[in-house]
Engineer: 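Just dropping this structure here.
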Amino acid sequence: MCLLIAAIMISFAVQPQWLTIPLMLVLVGIGGGRSLFREENWQPADDITTLRLGLFLIFTALVLDSVGFSWPAVAVGAAALILDAGDGYVARRTTPTSAGAGFDESVDALVVLILSVALIPVWGWWVILPGTFYYLFRAALFLRPAWRQQLPPSLRRKTIAASQGILLLAAGSPVALANPWFGFTCAVIALVSLVYSFGRDLLWLEQHAGIPTPAHAH
């Protein structure tokens, strides 16, 4: 929690508006939720995930009221994306927990949502779509409980998920602003690849809807 408090204070220093702190608290709630107050033991990988969340709070403050991402914002966002590989590496070599995996998943989804929303002034409302897929899928589980199954391992799925942050960050970078074709292409690739990945997995889940297995989010 100390990392997040520090990140909120830095965010307010970067963007000293009355809205900044409430916004950061909302983002912490979306990204952390119950994971921050769970009963399971806190693991080293969770500290890295918390740091990632804190960095994206600062990133959000840096891009508020701006069109596109400045180089400082890109640097902060890139650092958080690099750490994404770090928490998985640490988790595999320590004691992974279901709560930690859920925390990591929530932060991953929040990162894509933040980037998507921040890109709206650059590319329009359609670019918010990649940020909504995870939350729409979670909401759909209430209507279609049969989808609460464990998906088979897929390198393709992992690659597409990992590429979302990179593509969306690139789509708002100074390079993208100077070369609109580059930024637009990055945003389109992010959306198309995610549509393919989710569509493929939803098809699998529907085909195996009659087989009860433990829930596993996208």
Engineer: Using residues 178-185 as the side-chain source, report each donor-acceptor pair under 3.5 Å to any protein atom, sequence neighbours left out, with the distance given to one decimal.
Structural biologist:
{"unit_1": "N179", "atom_1": "ND2", "unit_2": "V175", "atom_2": "O", "d": "3.0"}
{"unit_1": "T185", "atom_1": "OG1", "unit_2": "W181", "atom_2": "O", "d": "2.6"}

Engineer: Can you tell me how the ring of W147 sits relative to the ring of F137, calling it parallel under 30°, perpendicular over 60° and tilted otherwise?
Structural biologist: parallel
Engineer: Can you measure from CG (D104) to OG1 (T50) and round to the nearest 0.5 angstrom?
Structural biologist: 10.5 Å
Engineer: Closest heavy-atom contact between L113 and G131?
Structural biologist: CD1-O, 3.5 Å
Engineer: Report yes if the side chains of L115 and L169 come closer than 4.5 Å at any heavy-atom pair, otherwise no.
Structural biologist: yes
Engineer: Of all heavy-atom pairs between W204 and Q150, which one has the smallest distance, and what is that distance?
Structural biologist: CH2-O, 3.7 Å
Engineer: According to a 4.5 Å side-chain heavy-atom criterion applied to Ile, Leu, Val, Met, Phe, Trp and Tyr, with indirect links allowed, do I166 and L53 form part of one hydrophobic cluster?
Structural biologist: yes
Engineer: Parallel, tilted or perpendicular: which describes the rings of F56 and F59, with under 30° parallel and over 60° perpendicular?
Structural biologist: tilted
Engineer: For L168 and S116, run side-chain contact (heavy atoms from CB on, under 4.5 Å): C-alpha distance rounded to whole Å, both residues' side-chain angles, the deciding distance at 0.1 Å, then the answer.
Structural biologist: CA-CA 7 Å; L168 294 175; S116 297; 3.7 Å; yes
Engineer: Take L23 and L64 through the test side-chain contact (heavy atoms from CB on, under 4.5 Å) and record every step on the way to the result.
Structural biologist: CA-CA 11 Å; L23 175 60; L64 280 177; 4.0 Å; yes
Engineer: Return the CZ to CZ distance between R200 and R157, rounded to the nearest 0.5 Å.
Structural biologist: 7.5 Å
Engineer: Applying side chain to side chain donor-acceptor pair (under 3.5 Å), can you list everything that pairs with D47, at least two apart in sequence or on another chain?
Structural biologist: W42
Engineer: Taking C-beta and beyond as the side chain, do L62 and F69 meet within less than 4.5 Å on heavy atoms?
Structural biologist: no
Engineer: Indicate the atoms forming the closest heavy-atom contact of T132 with L129, along with that distance.
Structural biologist: OG1-O, 2.8 Å
Engineer: Let me see the working for V117 and T60 under side-chain contact (heavy atoms from CB on, under 4.5 Å), right down to the final yes or no.
Structural biologist: CA-CA 10 Å; V117 172; T60 302; over 6 Å; no
Engineer: Side chains of V76 and P72: closer than 4.5 Å at any heavy-atom pair?
Structural biologist: no
Engineer: Grab the two heavy atoms, one from S193 and one from A190, that are nearest each other, plus how far apart they are.
Structural biologist: OG-O, 3.1 Å
Engineer: Nearest 0.5 angstrom please: I21 CD1 to L57 CG, how far?
Structural biologist: 11.5 Å
Engineer: Would you say F198 and L136 make side-chain contact, with heavy atoms under 4.5 Å?
Structural biologist: no
Engineer: Answer with yes or no whether the hydrophobic clustering places V26 together with F103; edges join I, L, V, M, F, W, Y residues whose side-chain heavy atoms lie under 4.5 Å apart.
Structural biologist: yes
Engineer: Within the distance-only criterion (no hydrogens, no angle test), does the side chain of S173 pair as donor or acceptor with the backbone N or O of A170 below 3.5 angstrom?
Structural biologist: yes
Engineer: Please examine the side chains of Y134 and L194, heavy atoms only from C-beta on, and report whether any two atoms are closer than 4.5 Å.
Structural biologist: no
Engineer: Rounded at 0.5 Å granularity, tell me how far CD1 in I58 sits from CD in Q15.
Structural biologist: 13.0 Å
Engineer: Apply side-chain contact (heavy atoms from CB on, under 4.5 Å) to residues D201 and S197 and explain how you reach the verdict.
Structural biologist: CA-CA 6 Å; D201 286 345; S197 181; 4.2 Å; yes
Engineer: If you look at every heavy atom in Q149 and L205, which pair is closest and at what distance?
Structural biologist: NE2-O, 3.3 Å
Engineer: Rounded to the nearest 0.5 Å, what separates atom CE in M24 from atom CD1 in I8?
Structural biologist: 8.0 Å
Engineer: With a 4.5 Å cut-off on side-chain heavy-atom distances among I, L, V, M, F, W and Y, is there a chain of contacts connecting W125 to W123?
Structural biologist: yes
Engineer: If we only count heavy atoms from C-beta on, is the R52 to D108 side-chain gap below 4.5 Å?
Structural biologist: yes
Engineer: Mind listing the closest non-hydrogen atom pair of F12 and Q17 along with its distance?
Structural biologist: CE1-O, 3.4 Å
